[in-house]
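Convention: sequence-line order gives letters A, B, ...; per-chain numbering from 1.
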Amino acid sequence: MVKLRARCILVGDAAVGKSALSQMFSSDGSHIQKNYSMTAGVELLVKSVNIPETSDSVELYIFDSAGRETFVETCEKMWGQPSVVCVVFEISSLDSFKSCSRWLERVRAHCNGLQLPGVLVGNKSDLASRREVETSVAQEWAQEQGLQYHETSAKEMENCDAPFLSLAQAFYALYQDRRQMIQRLG
Amino acid sequence: MLNTALSSFGAQVVLATSSDENHPPESMIDGNTETFWLSTGMFPQEFIIRFPDNMKISVISVHSFNVKRLRIEKSTQTDAEKFEVIAEKEFEQTEGNLQTNEISLDGSNATHLKFLILSGYDHFVSVHKVGIQA
Ligand SMILES: Nc1nc2c(ncn2[C@@H]2O[C@H](COP(=O)(O)OP(=O)(O)O)[C@@H](O)[C@H]2O)c(=O)[nH]1
Ligand SMILES: [Mg+2]
């Protein structure tokens, strides 16, 4: 049995649903933040994810960063050395999708060249009638960047665990890989 | 004595921030570089080694992988408390073989040594062996 710990940096434009998504995940969908409130800095949520078919788990320390430009610098100070990244946009806003590469670069700048497993999340999938970003377009960009792509709706509690499970699994795979590599050194 | 297993004269690891049951902290003091303690994510990481008596220490040797910045503190108390910093060092990165570093001290006494791994060259770092010379 092993318990890994990962520093998960959650980024994306303001109001795409980062806080709603992380809260949905960390509370098992039992609660949704109904009133919109701007996160004024960084919020930390901790949640343990079991790796299927093992007795192992990954504890995610989720740093929910405020999307508003003025807060970003405060947030960055809290990031430390990120383990994994979750970049969020809303499928009903092309602008929020276009910002993703900038967010990703920003987090990668804190990694000292370390490999950074990550996911791209297209939230607000319930707003399909106002969709501005096609799934295939998002998928393609995610693949280019080495990210897994998931669509979620924090409002409808649709698929919200998937991005976090995928992050935990990627970090776990990295651990197993490194473990085997070090085993061969000794 | 740098090559002797610390555990053979009664040293124990009394705290380690990470644990994978396949790579227990004792792996660091069994004198064998093939067995290792592996950190399980995030920094800093910490472990404390306790000696059966007050030990005079002039050199600490560390076999590790991907450790970047390491700080060593000592305590002279019966319990693991009142630590003072005795060394801080940035290890060089190695590829394909372990990092081996020796840290010289002034031969002062200690009952406990605390190792703080402040950063790494990867998400996970390993410590294979810790040795000391009186
Ligand atoms: N329709 C819809 N609205 C959502 C969804 N997720 C969040 N919202 C709403 O979007 C707004 C911003 O959400 P919030 O989580 O604060 O965004 P953040 O700034 O990225 O943290 C709030 O009014 C939420 O209720 C979703 O999946 N669908
Ligand atoms: Mg928010």
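Under the 4.5 Å side-chain heavy-atom criterion for grouping Ile, Leu, Val, Met, Phe, Trp and Tyr, B:Ile103 is connected to B:Ile49 within one hydrophobic cluster. Side-chain heavy atoms closer than 4.5 Å link hydrophobic residues (I, L, V, M, F, W, Y) into clusters, and following such links, possibly through other members, connects A:Trp141 to A:Val137. Note: the hydrophobic cluster containing B:Ile57 also contains B:Phe115 (ILVMFWY, side chain heavy atoms under 4.5 Å, direct or indirect links). Residues B:Phe9 and B:Ile29 fall within the same hydrophobic cluster, defined by Ile, Leu, Val, Met, Phe, Trp and Tyr side chains chained together at heavy-atom separations under 4.5 Å. Follow the hydrophobic side-chain contacts under 4.5 Å out from A:Leu45 and you reach A:Leu4 in the same cluster.
For B:Asp122, the parts lying near chain A are the backbone and the side chain together; criterion is any non-hydrogen pair under 4.5 Å. With a 4.5 angstrom heavy-atom cutoff, A:Arg178 touches chain B only via side-chain atoms. At a 4.5 Å heavy-atom cutoff, the contact between B:Asn22 and chain A is made by side-chain atoms alone.
In this structure, B:Gln77 places its CD atom where more than 12 heavy-atom neighbours from other residues, nucleotides or ligands lie under 6.0 Å away. Applying the 6.0 Å contact sphere to CD of B:Glu81 captures more than 12 heavy atoms from other residues, nucleotides or ligands.
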>> Checking B:Met42 against A:Glu59 for the side-chain contact (heavy atoms from CB on, under 4.5 Å) test, could you report, in this order, the C-alpha distance in whole Å, the side-chain angles of both residues, the deciding distance, and whether it holds?
In response: CA-CA 11 Å; B:Met42 307 216 303; A:Glu59 201 165 36; over 6 Å; no

>> One pair to check against side-chain contact (heavy atoms from CB on, under 4.5 Å): A:Ile182 and B:His128. What are the steps and the verdict?
In response: CA-CA 10 Å; A:Ile182 295 171; B:His128 298 245; 3.5 Å; yes

> Going through the distances and angles, do A:Tyr175 and B:Asp20 end up as a side-chain contact (heavy atoms from CB on, under 4.5 Å)?
Replying inline: CA-CA 11 Å; A:Tyr175 179 75; B:Asp20 177 337; 2.6 Å; yes

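Considering every non-hydrogen atom in both A:Pro117 and B:His123, the closest pair reads CD-NE2, 4.4 Å. Across every non-hydrogen atom of A:Arg179 and B:Phe36, the tightest pair is O-CZ, 4.1 Å.
Ring-plane geometry between A:Phe171 and B:Phe124 is classed as tilted, the angle between the planes lying from 30 to 60 degrees on a 0 to 90 degree scale.
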